[in-house]
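Report on one structure; see the data block that follows.
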Amino acid sequence: MKITPTIRAELDRYIQQEGLSLTQFGNLAGMNRGIISSILAGNKSMSVNQLDLITKAMGLPEGYFYDLFIENYIIDTPPNMRRIEPFLFRCAELDKLDSIRRVVGAIMDNLLYSPKLFEIAEELLAQGRHKAALLLYEGVAEAERYQHSERLAVCQYRIFTIQIGDDQSRNLRAATIFEVFVERLDDIEQLDALKDLANVYRSLRMWDKVDEMAKKMKAKAKIQYSMKHKQKSREHNEVIKKLSRPMFVYITYADLLCAGVCESREDYGQALQYTYEYANLDWVKETDENTLHWVKLFQHWAQANVIVNKLLSGDMKVLNDYVEYIAASSDTTDQDRVTQLLNIMMTANRYQKDVNDILQRFETEVNSLLQLPQFNDIYTQHVIPEQFARLGYELAYYYLHRGIYSNGFKHLVYSMEKYHILNNETYFIKCMVLFERYRDYVVPETKAAYLKFIERVWIDDVKKNGAIDLRN
């Protein structure tokens, strides 16, 4: 039978070894002699703060005794949330995720602990400690998987938002798992959940799912917007504050998403109708600063997208209008600019249009966009990076087809690297096919860099999937 050592025994051994009195060690640890004596006698439970003081006094690294603390004071004794809660926060501070995982596993067979662990997870999330919060959300979700509770749905929503990252295959799995829980969220929180799902599906170019999420969001948002102005109750207004956007945005953003769906299907007439819908915002009743900001944004987007839909449908008469519109936009963000340039390049490649003069005009901006910036929400984290990668592909296609090989291969390698990060196999393969088609025109340095990159991709795949090359 394995005998688990105790922190008390380790402390007693250290004091004896160093020839210290309890008073002397207490002075080192900043604790009085009576507490040290009670801990050694087993008459007093130890807090994580006291443990940290003792660990430091013994000259050991932070968290050195945390595994023993779990054994001695959590697993071997009835769980006490007054002891467990500060311990979990401290583990999160030190990024001791395995310790958090052990604690959750030790106590989550009792559903009574779910509400408190959920509260702790919410606070950790607010602190930006996403990995630690994820473990708690997963523990609560697993314990409550048969409860059909709103808390379970919220846990799944938090898990979804934390897990969304660069890997598009993982994003698809996360979205698929979470989608079935949306209807269990409260009516207000469903709006942000549907928006986030639509944005993930948009980044994956799963347009049927985008259409489905957008239409659900619009229907629910219209009901809530109507209730908001009929009830005007204090309680209802407090609930609405949970939204990340003004209420009307979910209605108009749904139209914008549906317009994008129509564009993907090359139904530019219907896309224009949706664009006119979100351009006309006379029905919005609020007049606060945030609302006016969003109204201005939608009108700005609508102005551009009316031209874009005509452009993508082959109406080249509006190309100069669009270029001048881009040039006149002094406060354009990187995400706006990449979308604008992508629209031009998609048009140029679809209709074999020479846009060299336009590319020269925006050469500095095109080159700066090769440095992919960081973003902070689901739309800008996932839709925009995919557009950066797609812009690289469209630029590569354009230049290579026109014999401007140095520029073409530069943008192609950039696009391949981004699609590899995104784990988008479809476009990664398209990039490889394009490279192979023009392989005879690549300079030795670029070819060597390409082969080195492909080797790195292969090694990454071996590490990820455990594949083994058995050839000699």
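Since the structure is predicted, the reported quantities are computational estimates derived from the model, not experimental observations.
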> Taking C-beta and beyond as the side chain, do Lys215 and Cys258 meet within less than 4.5 Å on heavy atoms?
Replying inline: yes
> Closest approach of Pro78 and Arg83, non-hydrogen atoms and distance?
Replying inline: O-NH1, 4.5 Å
> So do the side chains of Arg350 and Glu266 get within less than 4.5 Å of each other, counting heavy atoms only?
Replying inline: yes
>> Consider ring-ring contact (aromatic ring centres under 6.0 Å, His included). Of Phe428, Tyr441, Phe453, Phe409, which one does Phe435 pass it with?
In response: Phe409
> What residues, two or more places apart in sequence or in another chain, satisfy salt bridge (charged side-chain N to carboxylate O under 4.0 Å, His left out) together with Glu119?
Replying inline: Lys116
> Taking 4.0 angstrom as the limit, do Asp187 and Lys220 come out as a salt bridge?
Replying inline: no
> Listed by chain and number, what are the salt bridge (charged side-chain N to carboxylate O under 4.0 Å, His left out) partners of Arg173, not counting sequence neighbours?
Replying inline: none
>> Within the structure provided, determine whether Leu342 and Glu394 are in side-chain contact (heavy-atom separation under 4.5 Å).
In response: yes
> So, are Arg102 and Asp67 salt-bridged, with charged N and O less than 4.0 Å apart?
Replying inline: yes
>> Run the ring-ring contact (aromatic ring centres under 6.0 Å, His included) test against Tyr225 and tell me which residues pass, sequence neighbours left out.
In response: His229, Trp283
> Would you call Arg390-Glu386 a salt bridge at under 4.0 Å N-O?
Replying inline: no
>> Check Asp211 with Arg202, please: is the shortest side-chain N to carboxylate O separation under 4.0 Å?
In response: no
> Got a sec, which residues hit ring-ring contact (aromatic ring centres under 6.0 Å, His included) with Phe89, two or more places apart in sequence or on another chain?
Replying inline: none
> Can you pull the side-chain hydrogen bond (donor to acceptor under 3.5 Å, both in side chains) pairs that have at least one residue in residues 125-142, sequence neighbours excluded?
Replying inline: Glu122-Tyr137, Gln127-Arg129, Glu142-Arg145
>> Pair Arg158, Glu189 - check salt bridge (Lys or Arg N to Asp or Glu O under 4.0 Å), show working.
In response: CA-CA 12 Å; Arg158 303 290 189 265; Glu189 196 156 20; 3.1 Å; yes
> Could Glu324 and Arg361 be called an ion pair, given the rule that one side-chain N must be under 4.0 Å from one carboxylate O?
Replying inline: yes
> Under 4.0 Å between a Lys/Arg side-chain N and an Asp/Glu carboxylate O for Lys242 and Asp192?
Replying inline: no
>> Run the side-chain contact (heavy atoms from CB on, under 4.5 Å) test on Tyr322 and Gln340 for me, step by step, so that the C-alpha distance in whole Å, both residues' side-chain angles and the decisive distance to 0.1 Å come before the verdict.
In response: CA-CA 9 Å; Tyr322 190 52; Gln340 293 162 351; 3.5 Å; yes
> Can you list the residues that meet the salt bridge (charged side-chain N to carboxylate O under 4.0 Å, His left out) rule with Lys430, with sequence neighbours excluded?
Replying inline: none
> Hey, does Tyr450 have a side-chain heavy atom less than 4.5 Å from the side chain of Met416?
Replying inline: yes
> Is Asp267 paired with Arg265 through a side-chain N to carboxylate O contact shorter than 4.0 Å?
Replying inline: no
> Taking side chain as C-beta onward, heavy atoms only, is Tyr397 less than 4.5 Å from Leu434?
Replying inline: yes
>> Tell me the closest heavy-atom pair linking Gly139 and Met108, and the distance in Å.
In response: O-CE, 3.9 Å
